[in-house]
Each structure stands twice: as C-alpha cells, then as structure tokens.
Amino acid sequence: MKIKIFYFARLKETLKFSTEDLELPDETLTILKLKALLAQRSDTWQEMLMGKLKVRGAINHELVDDLATIQDGDEVAFFPPVTGG
Amino acid sequence: MTVRVQTQDFDVGFEINHLRVSRPDVGAVVSFVGQVRDLNDGNTIATLTLEHYPGMTEKSLETIVSQAKSRWNIMDATIIHRVGTLQPLDQIVLVAVSSAHRNEAFSACEFMMDYLKTEAPFWKKEATAEGEQWLEAKETDETARKRWEK
C-alpha cells in the first residue's frame, strides 16, 4: 500500500523531512507499527518518534491514537503536542 | 460559523458586529482575544512563529465549533487564528460566540479555547536573545480541557 506522511514543528526540523511517500507491504499497519518502522532509520528517528516527545498521530486530518489502523492511500501526520492559542 | 487561519491581523470590533448586527435574537456576544506576551517562562520574546497543518487545522476548528453548538444553545461562533511570525502585542487568536443569554456564550467560549489549545494543530516557536526554541505543551491546558469531559 501507498501512504503519504507529513511531519511538523520539531519533528520536521530535526528529521529534516516535511513530507514523504512510502510504499509498504499490504499488511495491517497501525500508527504504533509505522512509528516503530520509521524509528529504525536512525537514533534521531528513534528519539523523535518513540522517545519522550509524546508524538501525536493523525490519519486523514483526524487525531488518532497509537492503535488506529492505516489504509492504502491515507495521509498520515506525526507532530509534537500542540501549542496554539 | 466562521473559521479562518491567516497571517494578517483581524479587527475584533468588526468580527463581534458580524455576530450581532441584524440578529435581534442575539442577547450576548462573548469573545476571547489572545495576544503575544513579551515574557514567557522568564525569557524575553523577540518573535513568536506559528506553524500549522493546513487542512487539518480548519477541520479541527470546525469540529470544535460544532461540538460547542451541540452542547450549548449558541447561535453562531467565529474562530480566527493567525500563523507566521508575530511580535509582542500582536493578536494571535479570536474566539467569539453569540447566544440569547450570556451563560451559554461564556461557557462555549471557554470550551472552544480549551479544545483549541489542546487539539488544533498549531505549534509555537519563540525567538529570544539566546536563540530559537519550540514551546512545550502545558499540563494545565490539558487539565483545562479535561474538565469538559465530565
């Protein structure tokens, strides 16, 4: 399956990635599984996605928890806790 | 419902009138305006830069207004949030609500601000004499939102 991922704020800056397209095997993919997969890229990715930053995930513009399932064609986003207002 | 994410400033008087004028059924308009402070956790702020997630931000603000509408008997609401680089004294955010009586508008306005602070995808980065840093989310904002779950 193909998905699009966006990164924001500290994640975007530290990982030096704002967006990417990924092609993955067609198996059940949760937000947590995707984070673990991306975390394998390097220590920085591990620290940003699985560390103490409490990264939040969104699928198709909706905030979701770690167990949410990602489908083919989904737009996924990872970002730190929000600080607007 | 009006929801806007923009770099330019907004006119609070104009926005309040928009909710009130030619609506004789409106008896109350409550508004909250957020402004950039010159001091945060002891640091003197030169500028504050706001990043957001285009598409999700608007959707999330619309959901917040809809939730407030289903919870209180309010007539209309406006949320305007600025993004980009701002300076102390600049307005950042406006939340305004109209209703027949003040209690509903007061509660809905607080509810919307509490959810905006904890769910809408905005991030602040402050620039001080020492450099730039991303702001940390505050536990107190999360606590403020949770009181509405009861």
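Sequence lines set the chain letters: A, B, ... in the order given, protein chains first and strands last, and positions in each chain run from 1. Because the structure is predicted, anything quoted here is derived from the model rather than measured.
In this structure, His81(B) and Phe122(B) have parallel ring planes: the angle between them is below the 30° cut-off, well short of the 60° mark. Ring geometry, Phe6(A) versus Phe8(A): the interplanar angle falls under 30°, so the pair is classed parallel (tilted spans 30 to 60°).
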* Asked: Given Trp123(B) and Tyr53(B), is the side-chain contact (heavy atoms from CB on, under 4.5 Å) satisfied, shown in steps?
  -> CA-CA 9 Å; Trp123(B) 302 275; Tyr53(B) 182 0; 4.2 Å; yes
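The contact between Thr118(B) and chain A is made entirely by backbone atoms, counting heavy-atom distances below 4.5 Å. Contacts between Lys125(B) and chain A at a heavy-atom distance below 4.5 Å involve the side chain alone, from C-beta outward. Only the side chain of Lys59(B) comes within contact range of chain A, with heavy atoms under 4.5 Å apart. Residue contact with chain A, scored on non-hydrogen atoms closer than 4.5 Å, is absent for Glu142(B). For a residue to count as touching a neighbouring chain, one of its non-hydrogen atoms must lie under 4.5 Å from one of that chain's; by this rule Glu119(B) touches chain A with backbone and side chain alike.
A donor-acceptor distance shorter than 3.5 angstrom exists from the side chain of Glu58(B) to the backbone of Gly55(B), with no hydrogens or angles considered.
Checking each of Leu19(B), Val65(B), Val29(B) against Thr78(B) for a side-chain contact (heavy atoms from CB on, under 4.5 Å) leaves exactly one that passes, namely Leu19(B).
Contact tally against chain B (heavy-atom pairs below 4.5 Å) for Lys12(A), Glu75(A), Glu13(A), Lys54(A): the top residue is Glu13(A). With chain B as the partner, the residue from Pro80(A), Ala9(A), Pro81(A) showing the most heavy-atom pairs under 4.5 Å is Ala9(A).
Salt-bridge formation is not detected for the pair Arg10(A)/Glu51(B): no Lys NZ or Arg NE/NH1/NH2 atom is positioned less than 4.0 Å from an Asp or Glu carboxylate oxygen.
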